[in-house]
Amino acid sequence: MTVRINAPDFNLAATLKCGQAFRWSRGPDGWYTGVVGRQVWRLRQKNQTLEWETTVSHPNPLPASGARGSSFIPSPVSCTGEGQGEGEVRRYLSLDRDLRNIVATFPDEPHLREAVKRHWGLRVLRQEPWETLASFIASSTKQIVQIRQIVELLAQRFGRAGCPQPAERLRRDEGIAPYHSFPSVDTIARAMLPELQACKLGFRAKYLLAAARRIDRGEIQLEALPKMEYQRALEELLKLEGVGEKIANCTLLFSCGHDEAFPVDVWMQRALKRLPTGTDFGPYAGWAQQYLFYHERNLRLLPLTV
DNA sequence: TGCCAGGCCTGTC
DNA sequence: GACAGGCATGGC
């Protein structure tokens, strides 16, 4: 079943390709396929209408071959939107936010105006905090294509096998692997370092493992971050080895609703040189940042491949 | 083949 | 406090 959602002021492609999420792929039919939680989602935009399809996880999970932990296996008729509300999609894509009001708070600078104009409709996602944190721990001095590869390897090795869409389910019999959810905190916490290193994490493997173990022990409570003041939430994440301000701010912005979080990487350093020193980006600095980041990438003829 | 990548840690000054 | 070097690995 395809659910149709009214989505004004929204740009699906920019939102999924702008470097805040690593698990979305665009098919030749224009559908974007990704894994959100334990579901496979398909999204397609036609003007102001967003089309959404999803799977439903099986009520009695079975182990997946090669994957650690229990699996979620599709029921034979699972590839529908039945039982799912569009509210979940609207929340994930921040369609419940008023983009015009957000952009109205941006500083009136020509370069930022141009970035917003070119990529109008880009929205900051509300992803799952652990997946976001882990993905950005893996991102350190990695190209985005490599981050996507690492995240996929982690999911295949430690995640739960999920439901491919109908057409692909047919091809699965020909050797197409199923989709996998991102591995849980406790699954990574129980992993051995060489297992993580085998996912091409390199020196980042020890940081991911240490973070998972501390979170699993309850020393850092990710679920509390969205409710904390921004500065307090930042300090919590900075307690983790291998997590500096850049990774912490990515986590707070892309998964915890802290709109003021402002990650600065090498691309943002370049973008900021185009703006007056000390520019105040306001309460939605993170949203402005994401427009600037994506615009900078495109100016360098490096549109993010999804 | 060399440079660089959505960084961070550590040692040195 | 500022800065440089090291860290793993692969795309370009």
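Reminder, nothing fancy here: chain letters follow the sequence lines and each chain counts from 1.
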- request: Can you tell me the distance, in whole Å, between the CD atom of Glu241(A) and the P atom of dG7(B)?
  value: 18 Å
query: Mapping Val145(A) and Thr141(A) onto DNA chain C by nearest heavy atom, which one lands closer to the 5' end?
result: Thr141(A)
task: Heavy atoms only: give me the nearest Ala134(A)-Phe182(A) pair and the separation to one decimal.
output: CB-CZ, 3.5 Å
- request: Determine the contact category for Phe22(A): base if any of its heavy atoms lies under 4.0 Å from a base atom, sugar-phosphate if only primed atoms, P, OP1 or OP2 are that close, otherwise nothing.
  value: nothing
task: Assess whether one donor atom and one acceptor atom, taken from the side chain of Gln269(A) and the base of dG6(B), lie less than 3.5 Å apart.
output: no
task: Record whether the side chain of Ser140(A) comes under 3.5 Å of the base of dG7(B) through a donor-acceptor pair of N or O atoms.
output: yes
field: Presence of donor-acceptor pair under 3.5 Å, side chain of Gln290(A) and base of dG6(B)
entry: yes
field: Gap between atoms CD and P, on Gln146(A) and dG7(B) respectively (whole Å)
entry: 11 Å
message: Strictly below 4.0 Å: does Arg148(A) bring a side-chain N or O up to OP1 or OP2 of dG11(C)?
response: no
- request: Identify which nucleotide among dT9(C), dG6(B), dA8(C) has an atom closest to any side-chain atom of Arg297(A), counting heavy atoms from C-beta outward.
  value: dG6(B)
query: Across all strands, who's sitting opposite dT1(B) as a Watson-Crick or G-U wobble pair, both distances under 3.5 Å?
result: none
- prompt: Within this structure, what is the CD1-to-P distance between Ile147(A) and dG11(C), rounded to whole angstrom?
  reply: 13 Å
statement: Walking DNA chain B from its 5' end, the first of Met268(A) and Tyr207(A) to be reached, judged by nearest nucleotide, is Met268(A)
message: Let me check something: do Trp267(A) and Ile144(A) share a hydrophobic cluster, defined by ILVMFWY side-chain heavy atoms less than 4.5 Å apart, either directly or through other members?
response: yes
- prompt: Whole Å only: how far is the CD atom of Gln149(A) from the P atom of dC12(C)?
  reply: 11 Å
- request: Pick the P atom in dC3(B) and in dG5(C), then give their distance to the nearest Å.
  value: 14 Å
- request: Measure from CD on Gln143(A) to P on dA8(C) and round the result to the nearest Å.
  value: 18 Å
query: Which part of the nucleic acid, if any, lies within contact of Glu245(A), taking any heavy atom under 4.0 Å across all strands shown: a base, the sugar-phosphate backbone alone, or nothing?
result: sugar-phosphate
- line: Considering only heavy side-chain atoms of Phe203(A), the closest of dT9(C), dC7(C), dC9(B) is dC7(C)
message: Is the terminal nitrogen or CZ of Arg42(A) (NZ for Lys, CZ for Arg) located under 6.0 angstrom from the six-membered ring centre of Trp52(A) and within 45° of that ring's axis?
response: no
field: Between dA8(C) (P) and Leu209(A) (CG): distance, integer Å
entry: 15 Å
query: So which one's nearest nucleotide on DNA chain B is more toward 5', Gln289(A) or Leu238(A)?
result: Gln289(A)
task: Both distances under 3.5 Å, Watson-Crick or G-U wobble: report the partner of dA8(C), or none.
output: none
- request: Give one of base, sugar-phosphate or nothing for Lys246(A), where a contact means two heavy atoms less than 4.0 Å apart.
  value: base
- prompt: Transitively linked via ILVMFWY side-chain contacts under 4.5 Å: Trp31(A) with Leu50(A)?
  reply: no
- prompt: Looking only at atom types and distance, does a side-chain atom of Arg123(A) sit under 3.5 Å from a main-chain N or O of Asp9(A), one as donor and one as acceptor?
  reply: yes
Shortest non-hydrogen contact between Phe136(A) and Ser139(A), atoms and distance: O-OG, 2.6 Å
Stacked pair Phe293(A)-dG6(B), distance under 5.5 Å, angle under 30°: yes
statement: Atom CZ of Arg300(A) and atom P of dG11(C) are separated, to the nearest Å, by 22 Å
field: Whole-angstrom distance between dA8(C) and dT1(B), as gauged at atom P
entry: 23 Å
query: Are any of Lys142(A)'s side-chain N or O atoms less than 4.0 Å away from OP1 or OP2 of dG10(C)?
result: no
- prompt: How many Å lie between CG on Leu240(A) and P on dC8(B), as a whole number?
  reply: 12 Å
